[in-house]
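Worksheet: one structure, shown below.
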2 protein chains.
Amino acid sequence: MKKEKVHDRILRVASELFYKQGFNSTGINQIIAEADIAIGSLYNHFSSKNDLLHAYLIKEENNWLEGLEKSLVNIAEPSKKLSSIVDYRKKLQQSSKFAGCHFIKIVSEMGEGNPVVSAFVKSHKEKQREIIYTIVKEGVASNPSMNIDLITDQIFLLIEGAVVTSTISKNNDSFDHVKKIVQGLLS
Amino acid sequence: MKKEKVHDRILRVASELFYKQGFNSTGINQIIAEADIAIGSLYNHFSSKNDLLHAYLIKEENNWLEGLEKSLVNIAEPSKKLSSIVDYRKKLQQSSKFAGCHFIKIVSEMGEGNPVVSAFVKSHKEKQREIIYTIVKEGVASNPSMNIDLITDQIFLLIEGAVVTSTISKNNDSFDHVKKIVQGLLS
DNA sequence: GTCTATACGGGGATAGAC
DNA sequence: GTCTATCCCCGTATAGAC
């Protein structure tokens with residue numbers, strides 16, 4: 001395993017701080033202190049704090065998608081795939097100590113103050129919905145009476161609701177409830 | 001109608017800014033400029049920015065509860081009450097131009113950085129769930145086979161999901177879907 | 001109670017030596 | 001490419017005149 005490049009170390013440290021403390025509460029000085037570099041080096045690798053933010057979002061989305069794909073591979077049954085998605089989000093919450101969804105967090109913090117970020121997050125959530133849609137479609141193929149869009153929305157909204165709720169309540173109960181409900185939907 | 005007191009004007013201006021721009025992105029200087037007062041006056045009425053934040057949270061929760069009660073009064077049928085709750089949140093999103101839930105926003109911004117705020121929001125969300133629970137219990141009284149807790153969670157999570165989703169997508173479609181789903185639940 | 005002036009630290013960012 | 005030194009502005013908060 002190669003030694004971590006400076007660029008990557010900066011991004012990793014900044015990402016952790018942005019996620020845990022919030023973007024606005026994280027100063028350049030804290031980033032360079034924890035990454036143990038000089039401020040000149042930071043600005044050699046990233047042109048601004050905003051640049052760092054964009055790199056953060058892209059990296060987090062890639063991680064997110066990779067992790068989701070890994071947890072879906074080798075699962076054939078649609079209903080099990082859906083359970084697996086819920087479990088994935090649950091696991092993310094658990095391992096981050098209920099720090100919440102990176103993307104909901106950043107939009108909450110910036111509102112319409114940063115349209116690039118808003119657009120990025122919107123597109124990210126559309127990808128999530130699309131993934132669920134594909135699985136639902138597969139799962140109800142034999143039953144043409146079911147409303148694929150409505151079921152998709154229901155699952156998507158339940159998961160989003162569970163993420164914010166678990167972030168606030170600091171426990172994972174919501175995810176277990178969502179799993180139960182989702183299993184009921186496809187039968 | 002009495003003229004607005006200075007104290008109230010400060011709180012109103014600060015609330016709008018905290019909500020629209022975020023707490024950390026709103027400076028004392030901006031608040032005093034838009035409220036058209038001197039900084040000394042602000043610190044005469046509020047001991048710190050944090051004090052202003054607490055006043056903001058309490059005021060917003062009171063407004064929220066009042067508004068909800070108003071939209072439930074004179075409605076007898078439980079299923080209509082639930083629809084009315086969804087409509088209320090939808091209306092709030094519409095009139096704020098999809099600025100989102102005050103409480104989810106502030107927790108997203110502060111994470112565990114401010115335990116008092118975290119606890120306040122947790123308690124706020126529990127109140128919401130309690131309100132839904134009471135209505136659901138009423139609605140399924142005739143059918144003892146139904147799982148009141150699970151139905152309550154489902155409705156609660158769907159609404160929370162709809163709020164964050166509408167904040168990101170800048171439209172109210174999710175609420176309409178949630179209404180449909182909720183109506184299906186109690187039949 | 002409201003004002004102005006000011007303190008003090010930290011914000012993000014740049015210049016230029018090495 | 002990494003460093004140190006520095007710039008300028010804005011952050012929250014206080015002191016004290018009126």
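Just so it is clear, the model here is predicted, and its values are computed rather than measured. Proteins come first, then strands; the chains are lettered A, B, ... in the order of their sequence lines, and each starts at number 1.
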Within this structure, what is the [atom1]-to-[atom2] distance between [X] and [N], rounded to whole angstrom?
X	N	atom1	atom2	value
B:Ile10	C:dG1	CD1	P	12 Å
A:Asp36	D:dT4	CG	P	10 Å
B:Asn44	C:dG1	CG	C1'	5 Å
A:Ile37	D:dT4	CD1	P	11 Å
B:Arg9	C:dG1	CZ	P	14 Å
B:Gln30	C:dG11	CD	P	19 Å
A:Phe46	C:dG12	CZ	C1'	16 Å
B:Leu17	D:dT12	CG	P	12 Å

Quiz prompt | nucleotides 13-18 of chain C: protein proximity per nucleotide (B base, S sugar-phosphate only, - neither; heavy atom, under 4.0 Å) | solution = BB----

Quiz item: According to the salt bridge (charged side-chain N to carboxylate O under 4.0 Å, His left out) rule, which pairs have a member within residues 130-139 of chain B, sequence neighbours left out?
Solution: B:Lys81-B:Glu138

Taking the side chain as every heavy atom from C-beta outward, state whether [X] and [Y] have any atom pair closer than 4.5 Å.
X	Y	value
A:Leu57	A:Glu61	no
A:Asn114	A:Asn50	yes
A:Lys122	B:Lys170	no
B:Lys125	B:Cys101	yes

Any luck finding a side-chain donor-acceptor pair between [X] and [Y] under 3.5 Å?
X	Y	answer
A:Thr165	B:Glu160	no
A:Glu109	A:Asn24	yes
B:Glu112	B:Ser118	yes

Quiz item: Near DNA chain C, which residues from residues 107-118 of chain B have a heavy atom under 4.0 Å away?
Solution: none

Quiz prompt | Side-chain N or O of B:His7 closer than 4.0 Å to phosphate OP1/OP2 of C:dG1 | solution =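 Answer no for this pair, as no side-chain N or O of B:His7 is under 4.0 Å from OP1 or OP2.
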
Quiz prompt | Side-chain N or O of A:Ser41 closer than 4.0 Å to phosphate OP1/OP2 of D:dG1 | solution = no

Quiz item: Between B:Thr26 and A:Ala38, which has a closest nucleotide on DNA chain D that is more 5'?
Solution: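 Whichever sits nearer the 5' end wins; that is A:Ala38.
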
Exercise. Assess the pair B:Trp64 and B:His102: is the distance between their ring centroids shorter than 6.0 Å?
Key: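 Ring centroids of B:Trp64 and B:His102 are no less than 6.0 Å from each other.
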
